[in-house]
There are 2 protein chains.
Amino acid sequence: MGDKYATLRRAKLHLDFIHANSTTHSFLFGALAELLDNARDAGAARLDVFSVDNEKLQGGFMLCFLDDGCGMSPEEASDIIYFGASKKRLSTLKFIGQYGNGLKSGSMRIGKDLILFTKKEETMTCVFFSQTFCEGEGLSEVVVPMPSWLTRTRESVTDDPQKFSTELSIIYKYSPFKTKAELMQQFDIIYGKCGTLLVIYNLKLLLNGEPELDVKTDKEDILIAGATEDFPERWSFRAYTSVLYFDPWMRIFIQARKVKTKHLCHCLYRPRKYLYVTSSFKGAFKNEVKKAEEAVKIAELRLKDVQIKVNQPDRTSLSSPAKDILQNALEDVEAKHKILKEKRRELKTARTLSLFFGVNIENRSQAGMFIYSNNRLIKMHEKVGPQLKLKSLLGAGVVGIVNIPLEIMEPSHNKQEFLNVQEYNHLLKVMGQFLVQYCKDTGISNRNLTLFWNEFGYQNNKDTERSLDSMQYQRRQAMAIPFIIQCDLCLKWRVLPPSVNYQEKELLDIWICANNSNLSENR
Amino acid sequence: MGDKYATLRRAKLHLDFIHANSTTHSFLFGALAELLDNARDAGAARLDVFSVDNEKLQGGFMLCFLDDGCGMSPEEASDIIYFGASKKRLSTLKFIGQYGNGLKSGSMRIGKDLILFTKKEETMTCVFFSQTFCEGEGLSEVVVPMPSWLTRTRESVTDDPQKFSTELSIIYKYSPFKTKAELMQQFDIIYGKCGTLLVIYNLKLLLNGEPELDVKTDKEDILIAGATEDFPERWSFRAYTSVLYFDPWMRIFIQARKVKTKHLCHCLYRPRKYLYVTSSFKGAFKNEVKKAEEAVKIAELRLKDVQIKVNQPDRTSLSSPAKDILQNALEDVEAKHKILKEKRRELKTARTLSLFFGVNIENRSQAGMFIYSNNRLIKMHEKVGPQLKLKSLLGAGVVGIVNIPLEIMEPSHNKQEFLNVQEYNHLLKVMGQFLVQYCKDTGISNRNLTLFWNEFGYQNNKDTERSLDSMQYQRRQAMAIPFIIQCDLCLKWRVLPPSVNYQEKELLDIWICANNSNLSENR
């Protein structure tokens with residue numbers, strides 16, 4: 001299409017943009033989450049986040065992300081270097097990534113360089129995205145070596161051996177992997193037929209020279225160095241990832257230890273669901289319809305264009321047989337019409353949001369609203385309504401949860417905010433009203449809430465305090481909320497029968513349906 | 001330098017990235033501010049922000065930014081299409097823009113398309129950055145027409161007439177300007193010898209179909225539609241721009257009416273300045289020194305490289321006379337050494353921040369900390385220390401101001417946050433401590449603060465209320481704080497003598513030093 005504009009200038013990327021773009025993530029875990037989103041979007045059943053010490057590198061260690069997702073072919077891998085080219089966005093499936101930027105902005109926020117190894121069927125591809133290399137060579141463009149091999153024979157896949165060896169020499173010189181053997185070892189770490197290993201190194205440092213991510217203090221976690229926030233989700237990556245997804249199914253391992261991912265909605269005592277319908281959502285669909293109408297118009301114009309060409313005496317202007325082109329144009333018009341029809345249907349069906357409320361028995365301090373967009377956590381611990389008043393116990397310890405579809409509210413560049421601040425503030429106001437309603441409906445008032453907490457083992461009103469682990473309270477809690485656990489084989493979530501020793505079960509790192517004494521849910 | 005990598009892949013921009021990149025701005029005025037920053041960085045003495053109705057375009061109007069800055073030559077203008085290429089960053093002058101992204105992310109957050117007209121000496125250049133065009137033509141790359149003319153003769157400046165006419169036909173088809181005459185009219189709007197006019201159109205809409213920016217409700221302002229925040233700076237662009245810069249000198253006009261830009265530090269009653277020294281800042285300079293050392297190393301390596309080439313028998317490998325290249329390499333090494341020396345000196349000199357505190361008499365509700373980075377407002381109304389306690393009057397109505405140099409804390413992608421959250425939270429904690437100190441030192445306690453407000457015409461404690469305008473209180477205020485005004489000719493800020501009718505003076509849109517009855521400050 002764009003050939004007729006071959007001589008015109010194009011927007012381009014300057015090396016410095018890699019840093020500028022990464023500065024979108026002020027919340028460091030937000031940068032890491034982008035990389036988890038990619039694994040989830042790749043359909044991974046398991047993701048491992050782990051550090052590998054390497055004193056030669058800035059920060060003293062490399063951060064690795066290993067998933068057993070679908071991996072990338074050489075062609076798919078080369079999309080990585082396109083900023084903004086996200087095939088996911090077009091797909092009908094509900095992918096989280098849509099900006100085609102997460103891998104770049106996320107990893108480059110954490111470190112200066114990344115090297116990615118991906119396996120898919122018969123090919124293995126390595127992508128070397130390195131600021132250190134480009135700076136070292138005085139390049140202003142971002143040059144990205146991308147060698148590929150055949151998985152079976154480990155022979156190079158290339159039409160240009162000279163280029164291939166240049167790419168390898170760059171990787172050996174600037175990456176932590178200095179020989180072909182070391183490179184191949186990385187592919188071996190990808191245990192399945194396909195999957196991806198992402199290695200980020202030369203990590204960003206704090207003003208005091210220490211790495212921003214602390215892997216020393218807690219050997220089984222990744223912490224934000226010097227964090228002062230009280231909510232664990234803000235400084236413990238294990239705590240953050242446990243609530244990162246509205247419907248967790250990918251198993252996440254941090255430093256080789258499994259994260260107990262939570263269906264927040266199912267961790268609540270006295271759970272209630274409220275339906276919220278608002279007309280403003282209609283507007284979003286109106287815009288969708290408008291877009292669809294434009295698409296139809298464009299497709300029809302192209303069709304006309306083609307028809308004219310076809311009817312021209314000289315057909316040289318057509319690169320391939322006329323009827324094919326006509327056929328494609330026709331099909332495109334039909335497709336666009338189909339989409340338009342679908343969008344119009346959606347517009348008719350009124351949209352509602354499900355708001356979940358309840359009391360988090362496991363952790364009293366975890367109050368406030370948890371706002372998910374397209375199953376991905378965007379905002380957490382947002383206090384609303386009575387929770388905004390200090391000292392007021394009404395609504396204290398009450399958690400609200402909502403999952404907002406993309407077409408209703410779009411998250412911002414860093415997936416830590418919503419783009420339309422007005423709509424978002426409105427949603428918070430509404431949730432505040434429903435929170436009050438919830439307290440009425442469940443009779444959870446200041447007075448009996450205090451009793452309630454004492455019952456569950458809180459000696460006083462300190463918010464930061466967690467419930468005691470002694471058996472009697474565990475039993476109470478076991479009775480209060482059904483216990484749900486994910487099968488490590490089928491990834492289904494199963495309800496366990498009320499039981500006194502479920503706490504121990506929870507501690508097992510491996511659990512499969514067959515273990516379930518609840519016969520209705522063990523297949 | 002990069003020629004030896006000609007065959008390798010480069011990171012590229014996909015059209016979709018234009019939108020993704022713009023979603024960094026969740027605070028809409030933050031997007032507009034990027035465009036003001038560009039005018040200021042261009043050394044503009046005057047910037048006009050105004051809307052032009054055009055029912056044909058999405059949103060019903062175009063948003064225009066006209067400055068009398070240095071303008072851009074065709075070469076400089078072409079840097080716009082480089083994401084991340086900011087010459088400002090390298091310069092020693094204190095520019096605000098450093099990410100080479102503000103124009104793109106800012107304007108594309110507001111609208112789908114921009115057309116920019118810039119005049120510099122003998123050339124006029126138009127840059128057409130349009131998503132509508134690229135989508136309409138089915139382009140995945142961002143193609144940017146950039147025609148130039150001679151200012152005097154208005155003849156085209158081009159080596160490729162075919163290309164030039166293609167560019168014009170695109171602009172006529174997709175921009176609001178359909179003829180050469182209309183294009184030239186835009187250049188005429190740039191009144192000075194040089195300057196820039198930026199036109200943003202096809203504005204983004206809210207879910208309800210209305211434009212996000214409301215130019216109808218207040219004809220002399222630009223408001224965020226449906227905003228619910230109480231601080232005017234969050235919903236009135238006039239209010240926001242009045243405090244946008246720590247040291248305002250560019251005169252800003254919104255909808256043709258002048259903004260009363262404020263030296264916040266000079267608007268305060270009982271102003272006090274505290275010096276804050278912290279060791280952690282040292283770290284920032286250590287990193288600077290490290291960078292400088294690397295730069296020296298690289299330069300010296302290049303020098304060696306050149307010396308070898310020069311001493312080679314065949315000189316064909318040298319594109320220009322050997323001694324020139326040697327000379328350049330030598331000079332580069334010297335320059336880098338000079339920088340390193342400078343950085344080492346800076347490291348030695350202990351760094352301090354000036355914290356300003358006072359009571360904002362003009363607007364009691366304007367309490368909290370105003371945090372500037374490199375003279376540009378990043379955070380406002382940040383409550384600290386006692387201000388975080390509801391109902392506590394200690395510190396209520398006290399404003400704190402600090403301007404943080406770039407090398408100490410880097411702002412985030414959208415200039416609405418700081419990158420290092422830990423450092424930032426630490427700064428807030430420190431400011432809270434100094435706030436308490438300020439209240440002690442000035443004796444502004446809960447009790448006498450209430451009296452104080454009553455004195456200044458507050459009948460009760462409503463925070464949102466502003467002081468009455470009646471003369472007696474104006475006089476009191478005139479006595480309480482010196483009145484400072486900017487000369488419209490020399491842009492100097494002048495102190496006026498205490499006077500009963502200064503309020504009227506303030507209402508004058510034009511004021512020059514000569515009007516000053518304070519003889520020490522009228523030249």
Side-chain angles (χ1 to χ4, degrees), chain A residues 1-2 5 7-17 20 23-24 26-27 78 81-86 89 99-101 136-139 141-146 160 163 166-167 206-209 226-228 280-281 283-284 286-287 298 390 410 412-413 417-423 425, chain B residues 1-2 5 7-17 20 23-24 26-27 78 81-86 89 99-101 136-139 141-146 160 163 166-167 205-209 226-228 280-281 283-284 286 298 390 410 412-413 417-423 425:
Chain A
M1 272 304 289
Y5 302 128
T7 59
L8 271 59
R9 303 286 305 267
R10 277 131 174 77
K12 281 193 183 147
L13 267 179
H14 187 284
L15 175 63
D16 294 341
F17 188 70
T23 62
T24 189
S26 53
F27 177 47
S78 66
I81 66 170
Y82 268 94
F83 281 66
S86 177
R89 193 179 197 172
Y99 289 152
N101 190 30
E137 303 277 321
L139 308 171
E141 282 184 302
V142 185
V143 173
V144 186
M146 269 193 250
D160 179 347
K163 173 186 170 194
T166 311
E167 293 183 313
L206 292 171
L207 293 181
N208 63 16
T228 51
S280 68
F281 292 172
K286 285 206 191 88
N287 294 346
I298 291 167
L390 285 171
E410 188 178 21
S412 68
H413 198 250
E417 287 177 289
F418 284 96
L419 209 48
N420 188 328
V421 180
Q422 269 55 273
E423 287 290 330
N425 290 337
Chain B
M1 273 303 289
Y5 301 129
T7 60
L8 271 59
R9 303 287 304 268
R10 274 129 174 80
K12 281 194 184 144
L13 267 178
H14 187 283
L15 175 62
D16 293 341
F17 189 71
T23 63
T24 188
S26 51
F27 177 47
S78 66
I81 67 172
Y82 268 94
F83 281 67
S86 179
R89 194 179 197 172
Y99 290 153
N101 190 30
E137 304 275 321
L139 308 170
E141 282 185 302
V142 185
V143 173
V144 185
M146 271 192 246
D160 179 348
K163 173 187 171 192
T166 310
E167 293 183 314
L205 303 176
L206 291 171
L207 293 179
N208 62 17
T228 51
S280 69
F281 293 172
K286 285 206 194 87
I298 291 167
L390 284 171
E410 188 178 21
S412 67
H413 197 251
E417 287 177 289
F418 284 95
L419 209 49
N420 188 330
V421 179
Q422 269 54 276
E423 286 290 330
N425 290 337

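Below, read A as the first sequence line, B as the second, and so on, with proteins coming before strands; counting in each chain starts at 1. Here the structure is a predicted model, which is why all the values come from computation and not from measurement.
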Q | Euclidean distance, B:Asp16 CG relative to A:Asn101 CG, rounded to 0.5 Å | A | 11.5 Å

Q | Greatest number of heavy atom pairs closer than 4.5 Å to chain B - which of A:Val144, A:Ile298, A:Asn425, A:Leu13 | A | A:Leu13

Q.
Using 30° and 60° as the class boundaries, would you call the ring planes of B:Phe17 and A:Phe17 parallel, tilted or perpendicular?
A. perpendicular

(Q) Before you tell me yes or no, could you show the steps for B:Ile81 and A:Arg10 under side chain to side chain contact (heavy atoms under 4.5 Å, CB included), namely the whole-Å CA-CA distance, both residues' side-chain angles and the distance that decides it to 0.1 Å? (A) CA-CA 7 Å; B:Ile81 67 172; A:Arg10 277 131 174 77; 5.9 Å; no

Q) Does a donor on one side chain and an acceptor on the other come within less than 3.5 Å for A:Glu141 and B:Tyr5? A) no

Q. Can you name the side-chain hydrogen bond (donor to acceptor under 3.5 Å, both in side chains) partners of B:Glu167, sequence neighbours left out?
A. none

Q | Heavy-atom pair of closest approach, residues A:Ser78 and B:Arg9 | A | CB-NH1, 3.4 Å

**Q.** Selection from B:Val421, B:Leu205, B:Val142 maximising heavy-atom pairs under 4.5 Å formed with chain A
**A.** B:Val142

Q. Checking B:Thr166 against chain A: side chain, backbone, both or neither under 4.5 Å from a heavy atom?
A. side chain

**Q.** Closest non-hydrogen atom pair between A:His413 and B:Ala20, with its separation
**A.** CD2-O, 2.9 Å

Q) Who passes side-chain contact (heavy atoms from CB on, under 4.5 Å) against B:Leu419, sequence neighbours left out? A) A:Thr23, A:Arg109, B:Glu410, B:Ser412

